[in-house]
Amino acid sequence: VNVPLLRPRPARLSRLLAALAEIENSGIYSNFGPVNTRFEQEVLHAVFSDIGACLTVSNATAGLMIAMRHAIGANPAGRRYALMPSFTFAAAAQAALWNGLTPLLCDIEAEGWTPSASAEDALIKRYGNEIAVIVPYATFGNGLDLDRYRRLSERHGIPVVIDAAASLGTLDEGGQGFGMGFPHPVIFSMHTTKPFATAEGGLIYCSDPAVADTLRAMSNFGFGQPRLATLPGLNAKLSEFHALLALAKLPEIDAVATHRTAMAQRYRERLEGWTFQRLTCRRQAITFMPVLLPERAAARRREILLRLGADGIGAGTYFSPHLAEHPYFADTCVAGDLSVTARIARRIVVLPMSDAITADEVAAVCAALSRASAIEGG
Ligand SMILES: Cc1ncc(COP(=O)(O)O)c(C=O)c1O
């Protein structure tokens, strides 16, 4: 077998020659051009029922940087922490550090692997006056209790930025696009490894169009007026070519998520008795298939992955190491109690998923994993 962990499937640019020629003829290659505008309008319609506003960014990391900078601006001085889970990707911590903030790492919930409400509450109690922004991660495209974050923000006067890097295509428990109606920025990635695959790209959603307008100006050198910097900014604009990739992927968004969900269900059936993420969404836009190794096999994880590799199967250990275990973050972040994170991270394995993975391939992966993780002689 040959089943790689990920098989990126962005739209085929080589089949979009007419649209490419149109970009060339327009002479507009970036700066919120017509293709980008069309994508923003269509994604707002298709995913967020035309409520609020969307803007593209060059990648989700730049989106997080801008949204966190915007959050700090609204805050009294002296607030220096960005509260986020340790069980996430490096991008959120780096974005906080670029803003001069110190990531304050919290634990996750044992079953859904999203930030633990009690861990967040405990850190807010301890550091509340010093927390500049709360940055929850919608882990692996799972749902989050966004109403709770809205209330938390109102109660404590702390802005929220949602890291929804893996969630474009996720439907919340009510069946709406994840994030719809949320008044704080929600940041999605359109990186080639994500279900909503382009090459590089990100999308910011916010129910408040005024916030989206400000973030757009910040993504364009802070130009609040033509060529006049009125805000902090950087260049985080999406090129017309990348916007074309996004526009061409949009019609597939439901089919991609539906296929991946069906294949995730196969994994759950084939690996009966194994521990999977508890879902709090109607449909998860799943990037890869996370599963916890049985406790007794966790110490042999490296060897199990090598065996899978020898069988032609790609697998990974996202997010292990978790943030607090990265050398740079160990030096620059402050961590709360991370005992659940540590327990989950040492057992996690992520298995192949893609737009085109077949049920037979899933069966082969499950068989190989069961073989590789069986106790020697038992
Ligand atoms: C949780 C999380 N946040 C942020 C990002 C950054 O996204 P991008 O690659 O678009 O900058 C990623 C990317 O994989 C991610 O997994």
Side-chain angles (χ1 to χ4, degrees), residues 5-8 10 39 43 54-69 82-99 101 103 105-106 108 112-115 133-144 160-170 178-179 184-205 215 219 234-239 242-243 245-246 249 260 277 281 284-290 316-326 329 333 341 344-345 348 350 353-354:
L5 177 60
L6 304 165
R7 265 175 293 191
F39 171 66
V43 77
C54 281
L55 70 131
T56 62
V57 277
S58 49
N59 56 66
T61 308
L64 288 165
M65 288 170 67
I66 293 168
M68 285 188 213
R69 185 69 184 83
L83 176 58
M84 64 180 67
S86 192
F87 193 69
T88 187
F89 188 60
Q94 295 287 20
L97 288 160
W98 272 100
N99 276 308
L101 296 171
L105 305 176
C106 74
I108 49 171
W113 311 339
T114 50
V133 59
I134 305 172
V135 191
Y137 168 44
T139 312
F140 301 143
N142 201 3
L144 285 180
V160 174
V161 171
I162 304 288
D163 183 345
S167 302
L168 196 50
T170 286
F178 178 78
H184 303 269
V186 184
I187 319 297
F188 300 90
S189 175
M190 306 192 292
H191 187 260
T192 192
T193 50
K194 296 290 185 282
F196 195 93
T198 64
E200 291 275 2
L203 184 74
I204 303 181
Y205 170 81
L215 297 174
S219 78
L234 49 77
N235 179 1
K237 300 186 300 292
L238 193 70
S239 84
H242 291 86
L245 280 172
K249 191 70 181 173
R260 286 170 180 253
Q277 184 178 27
C281 56
Q284 180 186 29
I286 188 166
T287 302
F288 36 62
M289 188 69 203
T317 60
Y318 303 165
F319 296 103
S320 173
H322 59 87
L323 294 186
E325 296 177 318
H326 290 246
F329 300 136
C333 301
T341 302
I344 301 293
I348 198 139
V350 304
M353 180 57 75
S354 72

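Note that ligands are numbered from 1 as they come in the structure, with each ligand's atoms numbered from 1 the same way. Note: hydrogens, waters and symmetry copies are ignored here, and every other heavy atom, side chains too, is used.
When the options Leu55, Ile187, Val57 are evaluated for a side chain to side chain contact (heavy atoms under 4.5 Å, CB included) with Leu215, the one that passes is Leu55.
Ring geometry, Phe196 versus Phe39: the interplanar angle falls from 30° to 60°, so the pair is classed tilted.
No donor-acceptor pair closer than 3.5 Å links the side chain of Asn99 to the backbone N or O of Leu101.
Closest of all the heavy-atom pairs between Pro321 and His326 is O-NE2, 3.4 Å.
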Report all N/O contacts between ligand 1 and the protein shorter than 3.5 Å as a table of atom names and distances to 0.1 Å; if there are none, say 'none'.
{"unit_1": "ligand 1", "atom_1": "3 (N)", "unit_2": "Asp163", "atom_2": "OD1", "d": "3.2"}
{"unit_1": "ligand 1", "atom_1": "3 (N)", "unit_2": "Asp163", "atom_2": "OD2", "d": "2.8"}
{"unit_1": "ligand 1", "atom_1": "10 (O)", "unit_2": "Ala60", "atom_2": "N", "d": "2.9"}
{"unit_1": "ligand 1", "atom_1": "10 (O)", "unit_2": "Ser189", "atom_2": "OG", "d": "2.7"}
{"unit_1": "ligand 1", "atom_1": "11 (O)", "unit_2": "Ala60", "atom_2": "N", "d": "3.3"}
{"unit_1": "ligand 1", "atom_1": "11 (O)", "unit_2": "Thr61", "atom_2": "N", "d": "2.9"}
{"unit_1": "ligand 1", "atom_1": "11 (O)", "unit_2": "Thr61", "atom_2": "OG1", "d": "2.6"}
{"unit_1": "ligand 1", "atom_1": "14 (O)", "unit_2": "Lys194", "atom_2": "NZ", "d": "2.6"}

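In this structure, Thr192 has no side chain to side chain donor-acceptor pair (under 3.5 Å) partners at least two apart in sequence or on a different chain.
Aromatic rings of Phe89 and Tyr318 (six-membered ring for Trp) have centroids beyond the 6.0 Å cut-off, not under it.
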